Student: 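Okay, handing you the structure first.
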Amino acid sequence: MSANYISPISMEAISSLCGELDKNNSINKSDYERYHVKRGLRNEDGTGVMAGLTRICSVEGYYILDGERVAKDGKLSYRGYDINQIISSCINENRFGFEEVIWLLLFGDLPNADQLASLQEVLSVCRTLPDDFIEDQILKHPSKDIMNKMARSIMCLYSYDEDPDDISVANVLRQSLQLIAQLPTIMNTAYQVKRRAFYNKSMYLHPINKNQTTAQYILNQIRSDKKFTDEEAKLLDIMLMLHAEHGGGNNSTFSTRVLTSSGTDTYSAIAAGIGSLKGPRHGGANISVSRMMNDIIANVSDPTDEGQIKDYLYKILKKEAGDGMGLIYGMGHAVYTVSDPRAVILKRSARELAYKAGYEKEFRTLETVEKVTPDLLREFKGTNDEICANVDLYSGLVYKVLRIPEDLYTPLFASARIAGWCAHRLEELTTNGKIIRPAYKSVSRKREYVTLDKRQ
Ligand code: COA
């Protein structure tokens, strides 16, 4: 077990330096306009700066008419196939679909039955980690944060690869398939270690059942009795399909593409994706929604009363409540305006499941957040923007119904999104061929160097 490290640097000493740091790092907001800098790589109308071309995914939330952004219902397609069709076909045929999505994203077209079976086989064989990896790299150094542990474990796998730096398509494809299969194993092992080290609970590492789909495998590993229903596994499978990919511009995929463009190894590029996804403005929002929901329920006498929720959300925006970030989690999106198709699909499942499982209050709280936030945010920001619920608003509730612990919400997102990261890494390697390297305009004034003896 790793002990807590007490930093020799006192927070008091550091705090006194922060004023200095703030003073020398301030940048006038007006300078962004003056120098035509696209803050957050965004154009003035909020649309993203076009940074690349992709065949993997299309994310649509508006269209441009006479140079103006016009809001429209969100649309998501993987390799040209509408996500709604992919999911409804799996539901109608009562079969699992995440593996089909992995194939579609990596290779560009729907797999036939033989191709799908061969992918299943490869994933099953690759679920196992190298000899002693669990003992040496995961058990010995428990982490409070599973995402951090996943990124670290991916970096460690570099040392077990006989050919880690070869970035030929064949080698990167081999590494990608291995990592897609191994990430759920790493996730579960890291979680089990956390249970024992930080919650004083039993740790269970079940043998790997090679005849399971990814969703079945995950439920099998995280439940102490290995028991789950087919309905539960198919629901988790839908969650994995919905989270598998979201275009080249989302923060974690773009991070993966940025690192890939430098020619670095697969392990470094995928670890970067995990590090990015952890952030509460990105994948980490699913945990933040869950905490925000509990906070609202604890602080509002009637969580279905629109007025009370609105007042509490206003406090959150003013940073007087919640985690102090001023964000209403689960709401808003860089591309989607009127609706996020993933949230629409999830809300349908969440409503039915929540009512059945006794989480009606939680569902109605989130639904009220969804209803009152757009007007509230427009009032608060003084804008006219359309804003909708995003994928994270209802995903935590679905996981809660599946009895999945909060620790695993964002790691599950990563276990699905790794398929998209790998597809984009392969696309970056095969198509772009240029290092991604935007520019920063310096707004420092020129200064004469002062020797140490003359400084105040
Ligand atoms: N709560 C508070 N403020 C929000 C917000 C929210 N849910 N959604 C947007 N805003 C703010 C933005 O921070 C931005 O403020 P700024 O002009 O001071 O920078 C402004 O409204 C306009 O935002 P917009 O351009 O529409 O979105 P964005 O691309 O800057 O932000 C998100 C997109 C997703 C980061 C943002 O909506 C957010 O932080 N949401 C909450 C976190 C979340 O659920 N993330 C999961 C995304 S799938």
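All values derive from a computational prediction rather than experimental measurement. Indexing begins at 1, ligand by ligand and atom by atom, following the structure's order.
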Student: Between ligand 1 and the protein, tabulate every N or O atom pair separated by less than 3.5 Å, reporting distance only.
Tutor:
| residue | atom | partner | partner atom | Å |
| --- | --- | --- | --- | --- |
| ligand 1 | 1 (N) | Ile328 | N | 2.9 |
| ligand 1 | 7 (N) | Ile328 | O | 2.7 |
| ligand 1 | 7 (N) | Met331 | O | 2.8 |
| ligand 1 | 15 (O) | Lys381 | NZ | 3.0 |
| ligand 1 | 18 (O) | Lys381 | NZ | 2.9 |
| ligand 1 | 29 (O) | Arg42 | NH1 | 2.7 |
| ligand 1 | 29 (O) | Arg42 | NH2 | 2.9 |
| ligand 1 | 37 (O) | Met331 | O | 3.4 |
| ligand 1 | 40 (N) | Met331 | O | 3.0 |
| ligand 1 | 44 (O) | Gly330 | N | 2.8 |
| ligand 1 | 44 (O) | Asn390 | ND2 | 2.9 |
| ligand 1 | 45 (N) | Arg281 | O | 3.1 |

Student: Charged N to carboxylate O under 4.0 angstrom, Asp407 versus Lys194?
Tutor: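 Salt bridge: yes.
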
Student: Please tell me if the side chains of Asp305 and Val300 come closer than 4.5 Å, counting only heavy atoms from C-beta onward.
Tutor: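 No, side chains not in contact.
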
Student: What residues form a ring pair (Phe, Tyr, Trp, His ring centres under 6.0 Å) with Tyr399, not counting sequence neighbours?
Tutor: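 Tyr399 satisfies ring pair (Phe, Tyr, Trp, His ring centres under 6.0 Å) with Tyr409 once adjacent residues are dropped.
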
Student: Under the ring pair (Phe, Tyr, Trp, His ring centres under 6.0 Å) test, which residues partner Tyr32, sequence neighbours left out?
Tutor: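 Testing Tyr32 for ring pair (Phe, Tyr, Trp, His ring centres under 6.0 Å), a comparison that skips the adjacent residues, returns none.
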
Student: In chain order, what residues pass the ring pair (Phe, Tyr, Trp, His ring centres under 6.0 Å) check against His424, with sequence neighbours excluded?
Tutor: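 So His424 forms no ring pair (Phe, Tyr, Trp, His ring centres under 6.0 Å) with any residue.
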
Student: Would you please indicate yes or no on a ring centroid separation below 6.0 angstrom for Phe413 and His246?
Tutor: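 Distance test on ring centres: not under 6.0 Å, no.
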
